[in-house]
Amino acid sequence: MNYSKDMERCIAFIEAHIKEKITALDVAQELGYSRYHFCRVFSSCKGMSVTGYIRHRRLSLGAVEMLKGRKIIDIALDYGFETHNGFTKAFRKAFHYSPTQYMARMAGYKEAKNTFEIGGYMMKPIIIKKDAFKVAGYGIQTNIEGTNYTRDIASFWSYYEGENLESKMYEILNPPKHGEVGLCVPSSEKGNVTYLLGVIVEDFSKITEDMITVEVPEAQYAVFTTPPVDTSQDEEQKEFAEMIKATWKYIFEEWFKESGYGYDESKLDFEFYDERCHGRVDTVMEIYVPIKKL
């Protein structure tokens with residue numbers, strides 16, 4: 001079976017019926033699979049359950065509708081949520097802030113003449129404390145003093161032309177939740193760092209010899225969400241990569257100066273990518289910066 005093509009058909013079917021009461025069984029029957037086999041294949045390919053994907057997709061599309069000025073109650077009912085409160089709770093659980101907070105964080109997006117001019121409307125970060133967690137994945141080594149060095153992992157990996165390590169990683173590790181973590185890991189050699197693209201795992205029991213593992217310690221973070229860009233027609237996502245670079249630049253050149261916080265060098269910063277990063281009109285990702293009060 002061509003699972004890649006079948007997943008494309010699956011996503012297309014979900015998109016076409018996203019406002020209807022579709023179930024995993026409906027999608028499985030459309031593809032000619034049993035529900036059991038389809039759910040296993042979908043979870044392996046997408047890193048989440050089909051029900052979870054549909055729910056998260058509805059919330060993501062709801063966010064786009066909010067940017068267009070629609071009322072939350074109308075959006076909630078349109079996407080199968082029975083109440084305003086039900087939509088708000090699900091939205092907060094998925095994106096860590098309420099629809100109202102989301103709109104405040106997106107303030108200025110519509111009026112921005114140039115998405116690369118971040119400073120005037122850059123969103124304020126959320127300050128959180130995050131427990132320690134484990135990451136496993138694949139790495140590419142570079143030198144911090146070299147001309148190719150860049151702090152954002154997305155830009156570096158966008159030029160990688162080897163095998164599809166992302167799919168391989170999900171297939172082998174089968175993480176409990178979809179989402180990639182990007183880390184810059186210092187190596188023992190002076191000036192060298194490894195760009196790690198990995199997933200959060202419960203333990204390292206499934207790793208292979210060619211993988212890298214990192215235990216990220218508990219820390220307090222300033223979490224920045226990059227301003228949204230339209231990547232629906234940009235397969236290489238060049239504008240998205242530039243926005244990530246611009247956000248890192250803003251954090252260190254502008255935000256820290258007025259924040260009352262310092263960078264906690266004893267911890268690790270990282271980038272987080274989920275389904276909000278792929279071919280959308282509102283493509284975003286999150287940057288977690290470890291901080292300490294000055």
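For the pair Asp26 (side chain) and Thr23 (backbone), a donor-acceptor distance under 3.5 Å is present.
Using a 4.5 Å heavy-atom threshold, the side chains of Tyr53 and Ile14 count as touching. Looking at heavy atoms from C-beta onward, Tyr79 lies in side-chain contact with Lys19 at the 4.5 angstrom threshold. For the pair Val135/Phe133, a side-chain contact is recorded, criterion being any heavy-atom separation below 4.5 Å from C-beta on. Contact annotation: the side chain of Met211 approaches that of Leu173 to within less than 4.5 Å [non-hydrogen atoms, C-beta and beyond]. Residues Val223 and Pro125 fail the side-chain proximity criterion, which asks for heavy atoms closer than 4.5 Å. Inter-residue side-chain proximity for Trp248 and Glu271 is flagged as met; some heavy-atom pair is nearer than 4.5 Å. Between Ser98 and Phe91, the closest side-chain pair of non-hydrogen atoms is not below 4.5 Å. Looking only at side-chain heavy atoms (C-beta outward), Pro175 and Tyr170 come within less than 4.5 Å of each other.
Minimum heavy-atom separation, Thr226 to Phe240: OG1-CE1, 4.0 Å. For the pair Ile172 and Lys206, the tightest heavy-atom approach, listed with the atom from each and the gap, is CG2-O, 3.5 Å. Arg70 and Asp74 make their closest contact through NH2-CB, 3.4 Å (heavy atoms, listed as atom of the first residue, atom of the second, distance). Residues Pro217 and Leu268 approach most closely at CD-CD1, 4.5 Å, considering heavy atoms. What you find for Ala136 and Ile207 is that their closest heavy atoms are CB-CG2, 3.8 Å. The heavy-atom pair separating Ala222 from Trp255 by the smallest distance is CB-CH2, 3.7 Å.
Lys134 has no carboxylate O lying under 4.0 Å from a charged side-chain N of Asp203, or vice versa, which leaves the two without a salt bridge. Salt-bridge formation is not detected for the pair Lys267/Asp264: no Lys NZ or Arg NE/NH1/NH2 atom is positioned less than 4.0 Å from an Asp or Glu carboxylate oxygen. Arg58 and Asp78 are not joined by a salt bridge, as no carboxylate oxygen comes within less than 4.0 angstrom of a charged side-chain nitrogen.
Looking at residues two or more places apart in sequence or on another chain, you find a salt bridge (charged side-chain N to carboxylate O under 4.0 Å, His left out) between Arg57 and Glu15. Looking at residues two or more places apart in sequence or on another chain, you find a side chain to side chain contact (heavy atoms under 4.5 Å, CB included) between Arg35 and Leu25, Cys39. The side chain to side chain contact (heavy atoms under 4.5 Å, CB included) search around Ser34 returns Tyr36, His37, not counting sequence neighbours. Taking the ring pair (Phe, Tyr, Trp, His ring centres under 6.0 Å) definition, one finds that Phe204 meets it with nothing, sequence neighbours left out.
Connectivity analysis of hydrophobic side chains (ILVMFWY, heavy atoms under 4.5 Å, direct or indirect) links Leu77 to Ile73.
Using a 3.5 Å distance cut-off with no hydrogens or angles, the side chains of Thr208 and Asp210 do pair a donor with an acceptor.
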Let me see the working for Phe38 and Cys10 under side-chain contact (heavy atoms from CB on, under 4.5 Å), right down to the final yes or no.
CA-CA 10 Å; Phe38 167 70; Cys10 162; 3.8 Å; yes

Show your working on salt bridge (Lys or Arg N to Asp or Glu O under 4.0 Å) between Lys129 and Glu218 and close with a plain yes or no.
CA-CA 7 Å; Lys129 184 176 181 181; Glu218 176 186 285; 3.5 Å; yes

Verify side-chain contact (heavy atoms from CB on, under 4.5 Å) between Ile75 and Phe87, making sure each step is shown before the conclusion.
CA-CA 9 Å; Ile75 296 170; Phe87 177 83; 4.1 Å; yes

Using the side-chain hydrogen bond (donor to acceptor under 3.5 Å, both in side chains) rule, take Asp269 and Tyr221 through it: C-alpha gap first, then chi angles, then the decisive distance, then the call.
CA-CA 8 Å; Asp269 59 55; Tyr221 295 96; over 6 Å; no

Does the pair Phe13 and Glu8 meet the rule for a side-chain contact (heavy atoms from CB on, under 4.5 Å), with working shown?
CA-CA 9 Å; Phe13 179 80; Glu8 290 180 9; over 6 Å; no

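The structure places CG of Leu59 at 8.5 Å from CE of Met66, a figure rounded to the nearest 0.5 Å. The distance from the OG1 atom of Thr225 to the CD1 atom of Ile126 is 6.0 Å, given to the nearest 0.5 Å. Here OG1 of Thr51 is found 14.5 Å from NE2 of His56. Values are rounded to the nearest 0.5 Å. Rounding to the nearest 0.5 angstrom, the gap separating the OG1 atom in Thr247 from the CE atom in Met285 is 8.0 Å. A distance of 8.0 Å separates OG of Ser259 from CD1 of Ile127, quoted to the nearest 0.5 Å. The NE2 atom of His178 sits 11.5 Å away from the CD1 atom of Ile200 when rounded to the nearest 0.5 Å.
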Ignoring hydrogens and angles, write down the donor-acceptor pairs under 3.5 Å from the side chains of residues 287-294, residues two or more places apart or on other chains.
from, atom 1, to, atom 2, distance (Å)
Tyr288, OH, Glu286, OE1, 3.2

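Within a 6.0 Å radius of NZ in Lys93, other residues, nucleotides and ligands contribute 12 heavy atoms or fewer. The environment of Glu265 atom CD is sparse: at most 12 non-hydrogen atoms of other residues, nucleotides or ligands sit within 6.0 angstrom. Annotation: Glu202, atom CD; neighbour count of heavy atoms from other residues, nucleotides and ligands within 6.0 Å does not exceed 12.
Here the two rings, on Phe256 and Tyr261, have centers that are 6.0 Å apart or farther.
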